[in-house]
Each structure stands twice: as C-alpha cells, then as structure tokens.
Amino acid sequence: MAFICRFAPSPTGPLHIGGVRTALFNWLLAKKNKGKFYLRIEDTDKERSKDEFKKQILDSLAWIGLNHDDKEYIQSLNIKKHKEIAEELLKKGFAYKCFCSEEEIKEQKEKCKKQGIPYLYNRKWRDQENLEVPKNINPVIRFKSKISGNSVVKDLVQGEISVANSIIEDFVILRKDGSPTYQLSAVVDDHLMKITHVIRGDDHKINTFKQKQIYEAMKWNIPEFAHIPLIHSEKGSKLSKRDNSSTINDYIKIGILSDALRNYLLRLGWAHKDKEIFTLEESIKLFDLKGVGKSPSKLDMSRILSLNEHYIKHVDEKDLYKFLKIFAEKFKKPISSSRETLIIKSINFLKNKAKTLEDIYQNAQYILNENIKISVEDSKLLDSNSKKIIQDFHAEFKKMEILNKENLEKTINNLISKYKTNFKGVGQPLRIALVGSRFGPGIYNIILSLPKEEVVKRLSKIN
RNA sequence: GGUCCCAUCGUCUAACGGUUAGGACAGAUGGUUUUCAAUCAUCUAAUCGGGGUUCGAUUCCCCGUGGGACCGCCA
C-alpha cells in the first residue's frame, strides 16, 4: 500500500520541536514504507506568514536530517484551485454564502458568552435564498456541516473518536476577501498531493471532522489520520514559541547534536521495549504508530543532555570536530587554523568531560587561548612550595628530549618523592599553571596537548 | 463553560487479564581515580481515588478527580 505523507507547518512563527517531532514521525513512516514525505508550507495567512519563518523551518528540518521529497509545496501558489473547489461546493449545494457582518458574529459570540453556552454560528444564511442580501457586505462561504447524528473517525493513534455533528459548525471555507481558509486548502492540497496518511498534532483532532466532510462532498478518497499527542514544556503547559527551549536553534546554540535530539524526540511519546538508543536505520525499521502513546509528554532537559553525552562519546571524532568547528564559528570565536591540529589531537579526551559542544569548547579554552588567566581562588593555591615544584618541573621539562607520558611520569614521580608529597601535590600546581584552573583534563594530557615551547612559556610565568 | 482525549516512579516509558510492576534519565550512597568529570556497584521511587466484571485486574466497564486539546474570516 502506498504511503504518502506530509508535514505542513505554517510560517507564522518559528517551528518548535513539537513540530519537528511530528515531521520526524512522518518522515520515519515514509522511509519505513518506502513512501513519500512532502513538505508543504501553509502560508495562506498572508498577514502573518513571513519568509524568515519559512527559512527557519527549512533550516531546522535540514539540520536534523529530515529531507523531503520534491521541492517544498507552497500552499499560496495553489489558491486558485482552492477557490475553484469552493465554487464547486457552492454549486453542488454543499456550501453557501453567509452575509453576516463581523459585528453580527461578534455580538452572537458575546451573547453566548454571557449565557454561558458555547458559541456556534447560527446557520442564519444556510438554505435561505429569501433573505434580503445586504449591500456592502462581501459574503464568506461556509460549508454546510451535518446537523444531526454522530461522526466517527478511526485514528491510527487515538482509536475511534466520536463526536456529535451538532457541535461542528458551518465553518468558513472562503473568506470575505475570497481567500481560502485552512480547512479548505489543506484538504484540497492533500487530495492533489495524493496524501494517504495525515499525521499531525492532536490539536487538529476536531478539524478532522470538518475536513472529512469536504472529502465526502467531493467524493474524494479520505486519507488515514493519526493525531499524536503534544509535547509540553517542563512546566507542563503547552509548548510555546516563547519558551526558551522550544526551537531547534535553542538546542543548536548550547551544542546539542542532531542525532541526540532526533533520538530524544523519537522516544518522546514512543517506545520500543527497553531500547533507548536508536540509530537512524534502527528507528526507521522499528518505528510504528502503534507504539505511540496517547498522553502528552513533558520536555526533560537532563535527558536530552544525557543522550547528547552519549552521542558525543560515540560519534566519529572527525565528525565531532566538524561539529565543534561549526559551533565555534556560529556562536563563539572561530577556531584558528594554527590551533586546529592541537584540538583535533586532543578531542578524544576533551570530549570525555562534556555533555555538549559548549562543554568541549570550554574544556579546550586552554588550548584555544595562548594567554591563560588564573582565577584568584586558584592562584591562592600556588604557595611558595608549589611554585618551587613548578620551577623544578620547568627545569627538567626543558631538558626533556623525547616528550611522552613515560618521561613525564618519571619526572613527576621524582618530584613527588623529592617534595614528599603525592600526585595531587605536583599535579594540581602544574594544572593551574598550564590551564589556569585546578579543574581540567589529566595532567599528562594537558602537557602533551600543547606545543613544548608553550608549556615552557606558561611555566616560566610562575615565579 | 461545552465537546473530545488522556492518566504506571520527579521525568520518558515497558509489562497476551497471572511479573517480587521492568528499563532509562534525574536523585542518594559507596568503590576506583590525578582535580573536575567519567566509570563501576548499590539504593530510594509509581499503577490517581471509588465501585464493579473476573479465580485473578496496571490491563476491561462505570463514576469521581486531575491534566490536556479544541471551541477564529489562524494554521
């Protein structure tokens, strides 16, 4: 059976990761079933649609690796067709012109609110050719929704959802300016694109009952529907564009890897036994709609971080460096070519203490910056005794012809016995002198990661 | 408020109607260590409440309670 799905965001705001997850689920299913995954930009709201948001959507999907088939569809390019369908529905008696003024509608809404009853358009112009048509009012076109009975949708995630038709109002399909609304455009485009599976956030659940009626009126094939639960913020409310951990960029800028975020999103609302880590291939193979839960899930930063840590440790080190380089260029200072080889050489231990690219970047500060700053607190640890140790080491180090761990070990062990101290007694002062902090990588790693003359230079500054 | 949906550790979740209710993240404790980290071991922690159905309910049904979504000439 063919499997053609789409992700259809509107460029009226930045895409958040809830949307990314919806796209991911669609993409996964398309790949799994050797079908198609299309991207459709729903920009029929001319006022609010912005090119920058469209770009942000494209960039976000590209970053996380969700490539779409064909070029992206731009819904506004298809408006003519949407209007034709509206006319056809009108002609066939499935829709009608409504001449209510906006004030009139507003009044009705307020009246309902006062009485505490839910507002539903009163169908004033339905089947009313006899009413006097007011001048100066451009009508909207409304769909003649079913008035009685129940409608049932078999949802691939939610199961059977049933609703009384009486609560589905005669919704607008063409605005007074003649432009189509979402309810119409989405259906027409889905039909034209031969979409077989509509997988979207469950905030669209009710729309299904409206849209299904358009399909039926047009005698079009109705696609399968799957409504996946929404993602909530850590506070438990609906994910808002104002949350500071909601867009892809919020994660890129703290140094999250795309694989980690992809894996995290995959496991949010979906599980396969006890498995936590999924390669792309595994997720394509294993993902299915049956495993998707029905309840919303909360964002959990510590989990994202822990997944990211896993990927940082397991990704190919060449790739990891590439990610780091891009990260530095985009959000920090670019890594200079002279420092590049030093970082590459040391990334295998710089990454071990990191949950994010930001962490790696911070760990690499002592390599990136020739001039290190010693914090006040750490400089306090450099008493006269430690300084003597540093100077002793300095003298020995200069003489060292072959730089390797073995020789360093010998030198340090000599110092340990000479000064009747332990490893820490020697290692800590050296680390402070070389890195500027008592925290940092192992001391051998540090010494070996820097050019010899630079180690000498840093040591010579301690006196 | 109306309609619809949902409900297992703090979080993400697993469990043909039969399990000491499992795993992961977070948290706690201890070991190791060259500081921080990492790592290893151990531990804490859940079936929202009440009724049914059943020999037996996390699982099925009903009622509460709690949470969410929708209620636009937005998408």
Side-chain angles (χ1 to χ4, degrees), chain A residues 8-13 42-45 47-49 75 98 100 102 105 109 112-113 115-121 138-142 153 155 157-159 161-164 166-169 171-183 185-186 200-207 209 227 229-230 232 234 236-238 264 267-277 291 293-307 309 313 349 351-355 359 363 378 381 412 422-428 430-432 435 437-446:
Chain A
S10 70
T12 53
E42 305 220 320
D43 58 345
T44 50
D45 184 343
E47 303 273 297
R48 298 194 300 157
S49 291
Q75 188 159 62
C98 161
C100 288
E102 287 179 60
I105 300 283
K109 280 188 187 172
C112 286
K113 208 173 172 185
Q115 296 176 8
I117 54 171
Y119 165 76
L120 219 63
Y121 169 67
N138 289 328
V140 299
I141 295 183
R142 289 180 183 270
V153 167
D155 189 289
V157 168
Q158 311 273 338
I161 319 162
S162 158
V163 108
S166 58
I167 67 140
I168 310 287
E169 70 169 352
F171 53 96
V172 174
I173 55 175
L174 229 52
R175 302 187 184 95
K176 70 175 177 204
D177 67 1
S179 64
T181 64
Y182 162 77
Q183 305 293 1
S185 296
R200 64 213 324 190
D202 78 12
D203 48 338
H204 281 292
K205 238 187 302 188
I206 281 292
N207 293 333
F209 293 95
H227 290 91
L230 269 16
H232 288 172
E234 308 211 29
S237 52
K238 187 182 175 183
Y264 174 75
R267 279 288 285 97
L268 212 52
W270 178 80
H272 178 78
K273 299 178 183 165
D274 280 347
K275 198 168 164 59
E276 298 288 349
I277 305 293
K294 296 187 191 178
S295 47
S297 34
K298 280 183 204 161
L299 233 37
D300 181 359
M301 197 57 196
S302 64
R303 210 178 162 76
I304 297 176
L305 253 17
S306 128
L307 239 15
E309 186 179 358
K313 281 186 177 156
F349 69 82
K351 74 175 182 181
N352 282 338
K353 309 163 91 64
K355 279 182 156 57
D359 291 344
N363 292 341
D378 288 321
L381 291 169
I412 285 180
N422 54 17
F423 195 97
K424 193 179 171 186
V426 176
Q428 191 175 66
L430 284 176
R431 184 179 290 108
I432 294 171
V435 174
S437 165
R438 82 200 115 113
F439 307 130
I443 194 65
Y444 298 122
N445 280 336
I446 294 172

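Protein chains get the first letters and strands the later ones, always in sequence-line order, with residue 1 at the start of each.
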What residues form a side-chain hydrogen bond (donor to acceptor under 3.5 Å, both in side chains) with [X], not counting sequence neighbours?
{"X": "K424(A)", "result": "none"}
{"X": "R142(A)", "result": "none"}
{"X": "H204(A)", "result": "Y182(A), N207(A)"}
{"X": "K294(A)", "result": "none"}

Once you apply a heavy-atom cut-off of 4.0 Å, does [X] come out as touching a base, just sugar-phosphate, or nothing?
{"X": "I443(A)", "answer": "base"}
{"X": "G442(A)", "answer": "base"}
{"X": "K313(A)", "answer": "sugar-phosphate"}
{"X": "S185(A)", "answer": "nothing"}
{"X": "G293(A)", "answer": "nothing"}
{"X": "P229(A)", "answer": "nothing"}
{"X": "F171(A)", "answer": "nothing"}

Which whole number of Å gives the distance between the [atom1] atom of [N] and that of [M]?
{"N": "rU19(B)", "M": "rU3(B)", "atom1": "P", "result": "39 Å"}
{"N": "rU44(B)", "M": "rC9(B)", "atom1": "C1'", "result": "10 Å"}
{"N": "rC63(B)", "M": "rG27(B)", "atom1": "C1'", "result": "37 Å"}
{"N": "rG50(B)", "M": "rU65(B)", "atom1": "C1'", "result": "10 Å"}
{"N": "rU42(B)", "M": "rU58(B)", "atom1": "P", "result": "28 Å"}
{"N": "rA15(B)", "M": "rA69(B)", "atom1": "C1'", "result": "28 Å"}
{"N": "rA45(B)", "M": "rU11(B)", "atom1": "C1'", "result": "12 Å"}
{"N": "rU54(B)", "M": "rA14(B)", "atom1": "P", "result": "30 Å"}

Mind listing the closest non-hydrogen atom pair of [X] and [Y] along with its distance?
{"X": "S297(A)", "Y": "G269(A)", "result": "OG-N, 4.0 Å"}
{"X": "F209(A)", "Y": "V153(A)", "result": "CE2-CG2, 3.6 Å"}
{"X": "T181(A)", "Y": "V172(A)", "result": "OG1-O, 2.8 Å"}
{"X": "I105(A)", "Y": "Y121(A)", "result": "CD1-CD1, 3.9 Å"}

Partner nucleotide of [N] by Watson-Crick or wobble geometry (both distances under 3.5 Å):
{"N": "rG72(B)", "value": "none"}
{"N": "rG56(B)", "value": "none"}
{"N": "rG30(B)", "value": "rC40(B)"}
{"N": "rU35(B)", "value": "none"}
{"N": "rC16(B)", "value": "none"}
{"N": "rA21(B)", "value": "none"}
{"N": "rG64(B)", "value": "rC48(B)"}

* Summarise protein proximity over nucleotides 65-75 of chain B in one line of letters, 5' to 3': B for base, S for sugar-phosphate only, - for none, counting protein heavy atoms closer than 4.0 Å. => ---SSSSSBBB
* Asked: Using a cut-off of 4.0 Å between protein heavy atoms and nucleotide atoms, how would you tag nucleotides 21-32 of chain B 5' to 3' with B, S and -?
  -> -BBBSS------
* Given side chains that start at C-beta, do those of I173(A) and F171(A) come closer than 4.5 Å, heavy atoms only? -> yes
Using whole Å, what does the distance between atom [atom2] of nucleotide [N] and atom [atom1] of [X] come to?
{"X": "W270(A)", "N": "rA14(B)", "atom1": "CH2", "atom2": "C1'", "value": "12 Å"}
{"X": "K351(A)", "N": "rU39(B)", "atom1": "NZ", "atom2": "C1'", "value": "15 Å"}
{"X": "F423(A)", "N": "rU34(B)", "atom1": "CZ", "atom2": "C1'", "value": "5 Å"}
{"X": "F439(A)", "N": "rU34(B)", "atom1": "CZ", "atom2": "C1'", "value": "13 Å"}
{"X": "H227(A)", "N": "rC6(B)", "atom1": "NE2", "atom2": "P", "value": "14 Å"}
{"X": "F349(A)", "N": "rU35(B)", "atom1": "CZ", "atom2": "P", "value": "17 Å"}
{"X": "R431(A)", "N": "rA37(B)", "atom1": "CZ", "atom2": "P", "value": "12 Å"}
{"X": "Q428(A)", "N": "rU33(B)", "atom1": "CD", "atom2": "P", "value": "18 Å"}

* Asked: Mapping Y444(A) and A354(A) onto RNA chain B by nearest heavy atom, which one lands closer to the 5' end?
  -> Y444(A)
* Structure fact -> Residue pair S295(A)/N352(A) against RNA chain B: nearer the 5' end by closest nucleotide is S295(A)
* To do: Tell me whether the OP1 or OP2 atom of rU13(B) has a side-chain N or O from S297(A) closer than 4.0 Å.
  => yes
* To do: Tell me, please, which residues at least two apart from E42(A) pass salt bridge (Lys or Arg N to Asp or Glu O under 4.0 Å).
  => R40(A)
* To do: Taking side chain to side chain contact (heavy atoms under 4.5 Å, CB included) as the test, write out the residues that go with E276(A), two or more places apart.
  => R267(A), R303(A)
* **Partners meeting side chain to side chain contact (heavy atoms under 4.5 Å, CB included) with K355(A) (sequence neighbours left out)** => L305(A), E309(A), D359(A)
